[in-house]
Amino acid sequence: RYPGSGRLWFERARVAERMGDPQAALADYCQAVEIEQAYREQFRTMYPDREVVSRLGDDKYRTALKRIGELAR
């Protein structure tokens with residue numbers, strides 16, 4: 001219902017991992033990161049003098065990047 005929410009894609013990826021579906025998890029982590037990166041780019045454009053505020057959260061963003069690297073192997 002809210003495809004632009006990186007948080008939902010991140011949680012979906014975690015569920016896919018718990019269910020033993022690494023390919024689905026990889027795809028969902030990638031979607032979460034893609035959404036977050038687009039948001040960060042837009043934020044920098046709109047507010048060039050401000051520090052970027054993450055919608056996903058820095059910890060989840062780093063975790064998603066890490067899991068993408070691990071699952072892609």
Side-chain angles (χ1 to χ4, degrees):
R1 292 187 180 223
Y2 188 42
S5 173
R7 289 184 305 243
L8 292 177
W9 286 102
F10 180 85
E11 292 304 323
R12 207 176 114 129
R14 294 184 68 159
V15 169
E17 282 198 90
R18 285 193 295 268
M19 293 179 66
D21 191 346
Q23 289 305 105
L26 176 60
D28 292 344
Y29 281 127
C30 287
Q31 187 66 31
V33 167
E34 183 179 319
I35 291 167
E36 177 67 14
Q37 289 173 339
Y39 168 78
R40 288 174 181 224
E41 184 178 319
Q42 182 180 19
F43 189 97
R44 284 187 197 100
T45 299
M46 293 174 62
Y47 308 104
D49 298 330
R50 293 179 61 189
E51 183 177 336
V52 175
V53 178
S54 174
R55 286 174 55 192
L56 182 59
D58 289 330
D59 289 339
K60 288 181 179 178
Y61 181 66
R62 283 192 299 272
T63 298
L65 290 173
K66 179 182 173 193
R67 294 303 298 142
I68 287 169
E70 293 169 352
L71 292 168
R73 290 185 209 159

### Query
Do K66 and E70 have side-chain heavy atoms sitting under 4.5 Å apart?
yes
#### Entry: Heavy atoms of other groups near Q37 CD, more than 12 under 6.0 Å
yes
### Task
Please write out which residues are connected to Y39 in a hydrophobic cluster, directly or through intermediates, given that two of Ile, Leu, Val, Met, Phe, Trp, Tyr count as joined at side-chain heavy-atom separations below 4.5 angstrom.
F43, M46, Y47, V52, V53
### Task
Following the transitive rule for hydrophobic clusters with a side-chain heavy-atom cut-off under 4.5 Å over Ile, Leu, Val, Met, Phe, Trp and Tyr, establish whether I68 and L8 coincide in one cluster.
no
### Task
Just jot down the side chain to side chain donor-acceptor pair (under 3.5 Å) partners of D49, sequence neighbours excluded, or say none.
none
### All salt bridge (Lys or Arg N to Asp or Glu O under 4.0 Å) counterparts of R14, not counting sequence neighbours
none
#### Entry: Connected hydrophobic set around V15, excluding itself, where side chains approach under 4.5 Å
M19
### Query
So if you build clusters from Ile, Leu, Val, Met, Phe, Trp, Tyr with side-chain heavy-atom gaps below 4.5 Å, do I35 and F10 land together?
no
### Query
When rounded to the nearest 0.5 angstrom, what is the spacing between CZ in R62 and CG in L65?
9.5 Å
#### Entry: Minimum heavy-atom distance A25-A16, with the two atoms named
N-CB, 3.6 Å
### Message
Tell me every residue that passes salt bridge (Lys or Arg N to Asp or Glu O under 4.0 Å) with E11, counting only those two or more places apart in sequence or in another chain.
### Response
K60
#### Entry: Whether E36 side chain and L56 backbone form a donor-acceptor pair below 3.5 Å
yes
### Task
Tell me whether W9 is reachable from V33 by hopping between hydrophobic residues (I, L, V, M, F, W, Y) whose side-chain heavy atoms are closer than 4.5 Å.
no
### side chain to side chain donor-acceptor pair (under 3.5 Å) pairs, two or more places apart, involving residues 19-28
R12-D28
